[in-house]
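In this text, all values refer to a predicted model and were calculated from it rather than measured experimentally.
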Amino acid sequence: MTCMIVDDEPLAVRLLESYVEKTPDLKLMDSFTDSINAINAIKEQKPDLLFLDIQMPNIDGMELAHSLPEETRVVFTTAFKEYAFESYEVNALDFLLKPVRYNKFLAAVEKARKLCSPRTVVQPQQPNTVFIRVDGEWRNIVIDQIVYVNGMKDYVLFYLDGEKKPLISHLTMKAVEEMLPSDRFLRVHRSYIIAVDKISKVDRNDCIYIGNEVIHIPDGYLQSFRQFLETRSINKR
């Protein structure tokens, strides 16, 4: 699926470009900080998806949206939530508030995929690796190697198969939870995210045995974990 970005803020453009780069099967055709320069390119190249700012000099996003090719879907990106209602009057696919988060960006892309013609629909593929910053360097980690993640204040410890010591990165648990695929990882504690396929056993006291760790599931996470067990268990209750 192809896309373009139109935003008069260079930092906002670079952020969206970085999101496109790490999203499977999404190709960036071009980016513009000037809406006038963008119009002809959009009409000529007809991207499947357009990430469009609203408040811009010369021609604003709302006006530009009225002149788009029929096959181009629009996702508005703006810092002003008061435009939300107006955006749907031009049949916008989605409305993202700045600063745009990657999970919201990805949700909008998935909406667009479902609306694309069979000729352009490509099944999204989850990445096999993830980059984290460790001791000032970027480490490329194979997701399947992650056994569990342990949060400690402002740092997160990644425990990997075949590694004696964890990799330590300055991250929040929320950021890690959003980064890892939800069908393979589950948060079972305020301080733990586990790879569900790495669980050895769960005892009668609701303790998870994984790697060299035993994690007791607190009440706040117990219901969601039991629901997960129901979906993966042969012995239904």
Side chains of residues 189-200: which donor-acceptor pairs under 3.5 Å do they make with residues two or more places apart or in other chains?
residue: His189; atom: ND1; partner: Ser191; partner atom: N; Å: 2.9
residue: Tyr192; atom: OH; partner: Glu213; partner atom: OE2; Å: 2.5
residue: Asp197; atom: OD1; partner: Arg232; partner atom: NH2; Å: 2.6
residue: Lys198; atom: NZ; partner: Asp144; partner atom: O; Å: 2.9
residue: Lys198; atom: NZ; partner: Asp161; partner atom: OD2; Å: 2.7

### Query
Hey, mind stepping through Leu171 and Phe158 against side-chain contact (heavy atoms from CB on, under 4.5 Å) and telling me if it holds?
CA-CA 11 Å; Leu171 282 169; Phe158 290 80; 4.1 Å; yes

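- A distance of 9.0 Å separates CD1 of Ile141 from CD1 of Ile143, quoted to the nearest 0.5 Å.
- Taking the side-chain hydrogen bond (donor to acceptor under 3.5 Å, both in side chains) definition, one finds that Arg187 meets it with Glu177, sequence neighbours left out.
- With no hydrogens or angles considered, no side-chain donor-acceptor pair links Asn150 and Tyr159 at under 3.5 Å.
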### Task
Using the side-chain contact (heavy atoms from CB on, under 4.5 Å) rule, take Thr78 and Phe95 through it: C-alpha gap first, then chi angles, then the decisive distance, then the call.
CA-CA 8 Å; Thr78 179; Phe95 182 90; 3.3 Å; yes

### Task
Check step by step if salt bridge (Lys or Arg N to Asp or Glu O under 4.0 Å) holds for Arg226 and Asp206.
CA-CA 9 Å; Arg226 285 176 174 169; Asp206 297 313; 3.2 Å; yes

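- Residues passing the side-chain hydrogen bond (donor to acceptor under 3.5 Å, both in side chains) test with Ser35, sequence neighbours excluded: none.
- Separation of atoms CG (Leu16) and CE (Met4) is listed at 14.5 Å; rounding is to 0.5 Å.
- Pairs passing the ring pair (Phe, Tyr, Trp, His ring centres under 6.0 Å) check and including a residue from residues 5-42, sequence neighbours excluded, read Tyr19-Tyr102, Tyr19-Phe105.
- Judged as a side-chain hydrogen bond (donor to acceptor under 3.5 Å, both in side chains), and not counting sequence neighbours, the contacts of Thr129 are Asn140.
- For the ring-ring contact (aromatic ring centres under 6.0 Å, His included) test, no residue two or more places apart in sequence or in another chain qualifies with Phe185.
- In this structure, Glu17 has no salt bridge (Lys or Arg N to Asp or Glu O under 4.0 Å) partners at least two apart in sequence or on a different chain.
- With hydrophobic clusters built from ILVMFWY side chains whose heavy atoms lie under 4.5 angstrom apart, Leu229 does not share a cluster with Tyr209.
- Interatomic distance, CG of Asp25 versus CE of Met1, reported as 9.0 Å (0.5 Å rounding).
- Interatomic distance, CG of Asp154 versus OG of Ser169, reported as 11.5 Å (0.5 Å rounding).
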### Derivation of the side-chain contact (heavy atoms from CB on, under 4.5 Å) call for Asp203 and Val214
CA-CA 10 Å; Asp203 68 19; Val214 179; 5.5 Å; no

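- Each of Val75, Leu64, Ile5 was scored for a side chain to side chain contact (heavy atoms under 4.5 Å, CB included) with Leu50, with one residue passing: Leu64.
- The side chain to side chain contact (heavy atoms under 4.5 Å, CB included) check on Lys174 picks up Arg101, Thr172, Glu178, with sequence neighbours excluded.
- Arg133 is linked by a salt bridge (Lys or Arg N to Asp or Glu O under 4.0 Å) to nothing, counting only residues two or more places apart in sequence or in another chain.
- The minimum heavy-atom distance between Leu97 and Ala79, with the atom names listed, is CD2-C, 4.2 Å.
- For Ser233 (side chain) and Glu230 (main-chain N/O), no donor-acceptor pair under 3.5 Å exists by modelled atom type.
- For Lys98, the salt bridge (Lys or Arg N to Asp or Glu O under 4.0 Å) partners at least two apart in sequence or on another chain are Asp7, Glu9, Asp53.
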### Query
Hey, mind stepping through Val6 and Ile42 against side-chain contact (heavy atoms from CB on, under 4.5 Å) and telling me if it holds?
CA-CA 10 Å; Val6 182; Ile42 294 168; 4.1 Å; yes

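- Sorted by first and then second residue, the salt bridge (Lys or Arg N to Asp or Glu O under 4.0 Å) pairs involving residues 65-75 (not counting sequence neighbours) form an empty list.
- Residues Leu26 and Val100 fall within the same hydrophobic cluster, defined by Ile, Leu, Val, Met, Phe, Trp and Tyr side chains chained together at heavy-atom separations under 4.5 Å.
- Under the 3.5 Å distance criterion, the side-chain polar atoms of Asp48 are matched with a main-chain donor or acceptor of Thr2.
- Atom CD1 of residue Ile59 and atom CG of residue Asn37 lie 10.0 Å apart, to the nearest 0.5 angstrom.
- The CG atom of Leu160 sits 5.0 Å away from the CG atom of Leu167 when rounded to the nearest 0.5 Å.
- Smallest separation of non-hydrogen atoms from Met56 and Gly61: CE-N, 3.8 Å.
- Considering only residues two or more places apart in sequence or on other chains, Asn205 meets the side-chain hydrogen bond (donor to acceptor under 3.5 Å, both in side chains) condition with none of them.
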